[in-house]
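Worksheet for the structure shown next.
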Number of protein chains: 2
Amino acid sequence: MVLDSFDKKILQLLQRDNKISQRELAEQVNLSPSAVNRRIAALEADGYIKGNIAIIDNKKLGKPITLIVEVRIKNKHTVAMDHHKSIFLSTPAIQQVYLVTGDFDFLLIMTVADMSEYEQLSERLLFNDENIHGFKTMVTLQNIKQSFDINIE
Amino acid sequence: MVLDSFDKKILQLLQRDNKISQRELAEQVNLSPSAVNRRIAALEADGYIKGNIAIIDNKKLGKPITLIVEVRIKNKHTVAMDHHKSIFLSTPAIQQVYLVTGDFDFLLIMTVADMSEYEQLSERLLFNDENIHGFKTMVTLQNIKQSFDINIE
DNA sequence: AGTGAAAGGTATTGGGG
DNA sequence: CCCCAATACCTTTCACT
C-alpha cells in the first residue's frame, strides 16, 4: 500500500483531531464521505493509524509532576534488557520509554502526584535492581510541547 | 468541578481508546448513554480532556528516526527562553519539548526521516543560535513505550 | 477508485422523575 | 443528576460510473 496525497491529508487532519466527522474530512480533502471512510479503514487495517486516544490533563488529574530519568544498565544482554523493558512497560506512571545510544541506556518519562510517589517508584524500580548501574533524574519545570505529531509532507 | 468515580472511569477508558462508542462506555460504567454524553461534554469544557488524536506510525510515514536532544542555554532570561520555546514549538519535527532542571535546560524529542534532515535542523535551530551553549544528541534504538496515559486512581 | 443514496447505528437534546 | 425516548447526525454499505 502506498499513500497518495488524499491519504496524507487525512492522516494529517486526524493526528490533530480524530473527532472530526468523515463528512467534514471529505469536504476538506475534496472527496466523498464514503471514499474517506474506505481510506480510513484501509489506513487502520494497514497499521498507519496505531491508535485513537484522548489526551488527559495530567495536572487536573492529580499528577502534576513530570520527571525525566536517564538509566544506565550494567549487563546489556538481551534477556536482561527484556526484563527491564517489561518492568518499565507495566508501570503505569511511566508514559514513555526509549532505548538510546550514548551515556545512558534508557530514557524514561514519567508522571507522578508528588515526589514521595517518585521515591517509592525509584526505590522499587531502580535502587533495588542489581543490574541498574545508576540513574539521573530531572524534574521538568514546564511541559512546553507534548505531541506525537508527524510532519507529513 | 470535582470528578467522581464515573468521570474517572470514563477518562481512563477514553485515554486508551476514544473511538469507543458512548453506548459501550455507558455499559462499562453503568450509566445511560445520555449521562455519559453529558459527562464527556463537561470534561471537555473544563479542560480535563485536552485533545482527541490519532496516533500515526512514524516509521510507515517515512520518519523512522527518533532523536533525543539535550540543550544548554547561555542566557536564561525570560525573553530569551520564550524565544527558544516559540522556535521549538513551531518546528514540526519536534514532537516534545520539556524545560528541565539540572545539567541542561531543554529536552527535545524529535522525529526525522534521516540523519541529513537532522543535520539541517540542528544547524538551523542549534548551531546558528548564539544563545545556545551546547547540545547533546542521542539516537533512539527503540521506542519501547510511547503514551500520555495517566494513572487514574 | 469515486459517487450518491439508502440503511443502520450513534450522538444529542428535551421531557419527566 | 439520572433515565428514557425522539430526533438529528454520522457512518457504512451497495449499486453504479
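In the text below, chain A, chain B and the rest are named by the order of the sequence lines, each starting its count at 1. Note that the coordinates shown come from a computational prediction; the quantities given were computed from them, not determined experimentally.
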What side-chain donor-acceptor pairs closer than 3.5 Å can you find for residues 119-128 of chain B, not counting sequence neighbours?
unit_1	atom_1	unit_2	atom_2	d
B/Ser122	OG	B/Tyr118	O	3.2
B/Ser122	OG	B/Glu119	O	3.0
B/Asn128	ND2	B/Glu123	O	3.2

For residues 26-33 of chain B, which side-chain N or O atoms pair as donor and acceptor with protein atoms under 3.5 Å away, sequence neighbours left out?
unit_1	atom_1	unit_2	atom_2	d
B/Ser32	OG	B/Ser34	OG	3.2
B/Ser32	OG	B/Ala35	N	3.3

Salt-bridge present (A/Arg39, A/Asp7; N to O < 4.0 Å)
yes
Tell me: CD of B/Glu27 to P of D/dC3, nearest whole Å?
13 Å
If you look at every heavy atom in A/Lys50 and B/Ile56, which pair is closest and at what distance?
CE-O, 4.1 Å
Could you write out each protein N or O paired with an N or O of nucleotides 7-11 of chain C at a distance under 3.5 Å?
unit_1	atom_1	unit_2	atom_2	d
C/dT10	OP2	B/Arg23	NH1	3.1
C/dA11	OP1	B/Gln22	N	3.4
C/dA11	OP2	B/Gln22	N	2.8

What side-chain donor-acceptor pairs closer than 3.5 Å can you find for residues 9-16 of chain A, not counting sequence neighbours?
unit_1	atom_1	unit_2	atom_2	d
A/Gln12	NE2	A/Ile152	O	3.1
A/Gln15	OE1	A/Ile150	N	2.9
A/Gln15	NE2	A/Ile150	O	2.7

Donor-acceptor pair, B/Thr140 side chain versus B/Thr66 backbone, under 3.5 Å?
yes
Contact list for residues 62-102 of chain A, test ring pair (Phe, Tyr, Trp, His ring centres under 6.0 Å), sequence neighbours left out:
A/Phe88-A/Phe106
Report, one pair per line, the protein and nucleotides 1-3 of chain C atoms (nitrogen or oxygen only) whose separation is under 3.5 Å.
unit_1	atom_1	unit_2	atom_2	d
C/dG2	OP1	A/Arg39	NE	3.2
C/dG2	OP1	A/Arg39	NH2	2.4
C/dG2	N7	A/Arg38	NH2	3.4
C/dT3	OP2	A/Ser32	N	2.7
C/dT3	OP2	A/Ser32	OG	2.6

Residue from B/Asn18, B/Ile53, B/Asp17 passing side chain to side chain contact (heavy atoms under 4.5 Å, CB included) with A/Ile53:
B/Ile53
Distance in angstrom units between A/Ile40 CD1 and D/dC10 P, rounded
14 Å
